[in-house]
Amino acid sequence: INNSKAKENLTKLFFKGENSIVFNQKCDSFAKKELDKIVMPSAKKAIQSHLKNGVKVVVVSASFENYLIPYFKPMGVEVLATKLKVKHNKIEGSFDGKNCYGNEKVNRIKERFNLADFQEIFAYGDTKGDKPMLSLATQAFYKHFSWKLQSNLFVNLKKWIAVSFPIMNALTQIENWFIAKKWQAF
């Protein structure tokens, strides 16, 4: 069974029929209370440095947009992520579109941006699902967020960054945490 099918099966098992309004409230609470504890310090440092230098920062993730958007949007970071299908305020247990993994990350990026508009594209990833996205970058970082950027790179350049966080692996640590430990607390 592939990654996307496994994730969709678990989504159906644990979230099908959940009221989407309540689900989004729980996701918002999770983002505010817990997500900052999970995001790797090196990832935060990279994001903050890019934002400080006027770089367009975009998180591209297979995780659910429902908890990523409340965390990243206040920072000025755009999110391209897996969407849950909702009908009549109920989660259907399937994805609205494809799981944002592998080549789908590339598809989402190209649907949203004209890459020719950017002189520099930075991408970060830590799973095989990030490799297609990394191939779009002028500067790709795989597995590690240890990086050096010269300040003169930021002068008068339009830039964009696709970040796929090493805080989440396979069926993400966050979704496992949601399901196994804390979901009822939110």
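For reference, positions follow the sequence shown, starting with 1.
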Answer whether the closest heavy-atom distance between the side chains of [X] and [Y] falls below 4.5 Å.
X      : Y      : answer
Tyr124 : His50  : yes
Val77  : Val58  : no
Phe64  : Lys7   : yes
Leu136 : Leu115 : yes

- Message: With salt bridge (Lys or Arg N to Asp or Glu O under 4.0 Å) as the rule and sequence neighbours excluded, what pairs involving residues 81-104 come up?
- Response: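 Pairs touching residues 81-104 that pass the test: Glu104-Arg108.
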- Item | Sequence neighbours excluded, every pair satisfying salt bridge (Lys or Arg N to Asp or Glu O under 4.0 Å) that has a member inside residues 58-75 |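 Pairs touching residues 58-75 that pass the test: none.
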[atom1] of [X] to [atom2] of [Y]: how many Å apart, nearest 0.5 Å?
X      : Y      : atom1 : atom2 : result
Leu134 : Gln139 : CG    : CD    : 12.5 Å
Thr82  : Lys105 : OG1   : NZ    : 8.5 Å
Glu34  : Tyr67  : CD    : OH    : 13.0 Å
Lys44  : Leu51  : NZ    : CG    : 14.0 Å
Asn103 : Lys131 : CG    : NZ    : 13.0 Å
Phe95  : Glu8   : CZ    : CD    : 5.0 Å

Using every non-hydrogen atom in the two residues, find where [X] and [Y] come nearest and quote the distance to one decimal.
X     : Y      : answer
Val79 : Ala81  : CG1-CB, 3.7 Å
Ser61 : Cys100 : O-CB, 3.3 Å
Asp28 : Pro70  : OD1-CB, 3.2 Å

- Query: Between Ile21 and Phe15, is there a shared hydrophobic cluster once you connect ILVMFWY residues whose side-chain heavy atoms come closer than 4.5 Å?
  - Reply: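 No; Phe15 is not reachable from Ile21 via cluster members.
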- Query: Is it the case that Asn24 and Asn66 place a side-chain donor and acceptor less than 3.5 Å from each other?
  - Reply: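 The answer is yes; a qualifying pair exists.
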- Message: Would you say Asp36 and Tyr71 are linked by a side-chain donor-acceptor pair, where the criterion is simply a distance under 3.5 Å?
- Response: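 Judged by distance alone, the side chains do pair up.
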Closer than 3.5 angstrom, by distance alone: can the side chain of [X] be matched with the main-chain N or O of [Y] as a donor-acceptor pair?
X      : Y      : answer
Ser135 : Pro132 : yes
Asn99  : Tyr101 : no
Asn53  : Val55  : no

- Message: Can you classify the ring geometry of Phe141 versus Phe122 as parallel (below 30°), tilted (30 to 60°) or perpendicular (above 60°)?
- Response: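 It falls in the parallel class, under 30°.
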- Message: List the residues meeting side-chain contact (heavy atoms from CB on, under 4.5 Å) with Val86, not counting sequence neighbours, and say none if there are none.
- Response: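 Val86: side-chain contact (heavy atoms from CB on, under 4.5 Å) contacts with Ser20, Ile91.
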- Task: Could you go through the side-chain contact (heavy atoms from CB on, under 4.5 Å) check for Met75 and Gln48 one step at a time?
- Result: CA-CA 9 Å; Met75 295 179 207; Gln48 290 165 353; over 6 Å; no
- Message: As a quick check of understanding, evaluate side-chain contact (heavy atoms from CB on, under 4.5 Å) for Ile109 and Met133, giving each step before the final call.
- Response: CA-CA 8 Å; Ile109 290 166; Met133 176 187 69; 3.5 Å; yes
